[in-house]
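A short write-up of the structure that comes next.
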Protein chains: 2
Amino acid sequence: MTEESTSRDAAAAPPSGKERRAGARPTLADIAQAAGVTRMTVSNALNGRGGVSDDMRERIREIAREKGYVTNWVAKKLSDSRSGSETGIIGVIAEIHTPFMGEVVSAISGAVRDQGRDMLVYSLPDPGKSFPGNVLDLLLHAVDGVIAVIPRDTRDFHMLAAAGVPMVVVDPLKETIDMPSVAADSYGGACCAMRHLIELGHRKIAFLAGEARRLSAQERLRGYRDVLREAGLAYRAEYVVEAGFLPEPARPATEGLLALDDPPTAIFAGNDASALSAISTIEQAGLSVPEDISVVGFDDVSLASQARRGLTTIRQPFADIGAAAVQLLLDLRAGDPEAATRHITLPVELIRRETTAPPRGDGLRR
Amino acid sequence: MTEESTSRDAAAAPPSGKERRAGARPTLADIAQAAGVTRMTVSNALNGRGGVSDDMRERIREIAREKGYVTNWVAKKLSDSRSGSETGIIGVIAEIHTPFMGEVVSAISGAVRDQGRDMLVYSLPDPGKSFPGNVLDLLLHAVDGVIAVIPRDTRDFHMLAAAGVPMVVVDPLKETIDMPSVAADSYGGACCAMRHLIELGHRKIAFLAGEARRLSAQERLRGYRDVLREAGLAYRAEYVVEAGFLPEPARPATEGLLALDDPPTAIFAGNDASALSAISTIEQAGLSVPEDISVVGFDDVSLASQARRGLTTIRQPFADIGAAAVQLLLDLRAGDPEAATRHITLPVELIRRETTAPPRGDGLRR
DNA sequence: CTGAAAGCGCTAACAA
DNA sequence: TTGTTAGCGCTTTCAG
């Protein structure tokens, strides 16, 4: 040892005033000192970087273990920032409340795992509030990119993108159309659902509209209108009610439909949550599905097939959505110039189960 | 300026080879240079630390904004590590798949927010796999503590705790009883549910057992047995079937019960997921709930009340659980010595809805 | 009110 | 194979 050059490495003598706080985690220097080598040797040994004899490596590993050494992620990251390496962690911003979100997040989780990476989920705070600085900053610096599935606030959102964090949006909003995105073919699905109902013989079809800010909701409405027109059916304003993609508002919305002078014989719900709620409402009103009223949903969340009567619905390819989002993010990060403007739309599929049937012969109810 | 002392501050001349990479984010030094002051002044100005004239502060803020400056969380954290400050972020380890988890995580989210902090969720990888180092390390260094709600693997889990991360467990497993925890009173709730059924006149009550590793599942089973004994009823092995707290296994389990020579007149399901699945199975078998068979669940997830027939169940005080977990974590972090061994059990409540009724007069079905 | 120095824990790049 | 130097971006401490 030379002459106490580096302050810490040579600080073998306690009196130097460099006493370690009790609860502090051991650092490279601590275990280096214990092993009688330099920090670099320890670093190399622990990271299997070669240049260390096998004995030494074992010895160091042993000491590290018993001292409970864990790499300081923050320090490592800061140091690595020079070489701009990845963290292997992908950030996900989402609301984990609804079943739909659950499916999407699970799918992303699977896809991320398939890529040998990991995922951290940030669930948004209450509406209107912006991201707290802490988390925003952490996300900004700790993850390789962000996949956002947000039904609401997007303010600080563009800021994240502006700060250079690769970002892709799943189920985009009007406000996020300028970012790369992944979504299911809502328009196509809606058309498919409507045609199914029309083929069954329905002429009076209501629509439980979803959250208007989501493009998917708009597209489903568009599909509803277009197929109506295509079938020569009139668009009736009283048949289109807001249900916000949620079960609670779907209830009064359905009741309203039931109370109409000329109630519909079928309901196309914007998503499964509202479809399930509608069915429950219909049955509580003493009617039955699909005998009195047919119902078709959208999403095919796992609950849809578990209901007493399996829900006829449009299946979103969740796994594909997750995989596409992750891939898109990776491409973006890799600098693929075309990725920045890529908008992926995945095909959906009609799943016929037990909540749709031909309408009752005209005799009943009016 | 003296003689180019600090490498960067004085590096006004490009030829120094210190060119900034194109995509790099601006640093304190960058904006300091643009403003013609030192980094500290910028730091102070941006963090509202005083010691900077108002004009200067405004000017600096302006420059920072247009340059898109964001403080480097990693560097800040590393620097702060000296003074051991908090990050204001709480980590949550959970599976977000099931409705129960969703409720718990939402509750924690709310509680965390109430404390002016924020939350990052890490969803476990596939069973058996251990935490990938990256995320573990990140968690270790980026959050003030961890709240875990894990149904499965716990290996690296104790390691996190050993590394000194304050940690509390919600709905603990056998393996985690040595950590501070928060849970609902499963035993009490089970007793309550069973007594309700018995008061209604049921004598043949089956139990859909939950995931055995979870203490809550064990406690519910214990409650089931104890109340049976207390009521002078025999424990019948064929009435206790595994359903793992999940809907899928609950289906065959229920079918098995229905196929018994002497089928039960009531089913106490370990949780709502299995209860709902049981009901659906019963109805598909052509029987009705509660006329033929009563069913009571456990949890009172939001779905329970939305079903066509509201599910009679035991309500877990999710909000309280979340709040207690966060509080416990904060106490732990604050060094409260007693917190380390605290196990909080919160009271539950029977919610009578429409899936329980007296058994059919003995005439029917044997 | 502002500036200089040192250091948080780690790693890349050489030197021995 | 091991040691040395420098620096990641920020903050604290102590001078000016």
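From a predicted model like this one, the values you see are computed outputs, not experimental measurements. Naming: A, B, ... by sequence-line order, numbering from 1 per chain.
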Note to self: Can you build the contact string for nucleotides 10-16 of chain D? Use B for base contact, S for sugar-phosphate-only contact, and - for no protein heavy atom under 4.0 Å.
What the structure shows: BBB----
Note to self: Do B/Thr87 and B/Trp73 make a side-chain contact, defined as non-hydrogen atoms from C-beta onward lying under 4.5 Å apart?
What the structure shows: yes
Note to self: Determine whether a donor-acceptor pair (N or O, by modelled atom type, separation under 3.5 Å) exists between the side chain of A/Lys77 and the backbone of A/His141.
What the structure shows: yes
Check: Checking all strands, does B/Val52 fall into the base, sugar-phosphate, or nothing category for heavy-atom contacts under 4.0 angstrom?
Finding: sugar-phosphate
Checklist line | Contacts of type side chain to side chain contact (heavy atoms under 4.5 Å, CB included), residue A/Ser53, not counting sequence neighbours | finding: A/Asp55, A/Met56
Item checked: Whole-Å distance separating the NZ atom of B/Lys77 from the C1' atom of C/dG7 -> 16 Å
Next item on the list: Check the distance between D/dT1's P and A/Arg59's CZ and give it to me in whole angstrom.
Entry: 17 Å
Next item on the list: Salt-bridge test for B/Glu62 and B/Arg59: reply yes if a basic N is under 4.0 Å from a carboxylate O, no otherwise.
Entry: no
Check: Can you check whether B/Ser81 has a side-chain N or O nearer than 4.0 Å to OP1 or OP2 of C/dC8?
Finding: no
Checklist line | Integer-rounded Å distance: D/dT1 P and A/Asp55 CG | finding: 11 Å
Notebook entry, point to check: Would you call B/Asp331-B/Arg342 a salt bridge at under 4.0 Å N-O?
Noted result: yes
Next item on the list: Starting from C1' on D/dC8, measure out to CH2 on A/Trp73 and report it in whole angstrom.
Entry: 13 Å
Note to self: Both B/Gly36 and B/Leu78 contact DNA chain C. Which one's nearest nucleotide lies toward the 5' end?
What the structure shows: B/Gly36
Next item on the list: Could you tell me the separation between the NE2 atom of B/His141 and the P atom of C/dC8, rounded to a whole number of Å?
Entry: 15 Å
Check: Given atom CG of B/Asp54 and atom P of C/dT2, what is their separation to the nearest angstrom?
Finding: 10 Å
Next item on the list: May I ask you to say whether B/Asp30 pairs ionically with B/Lys67, meaning some side-chain N is under 4.0 Å from a carboxylate O?
Entry: no
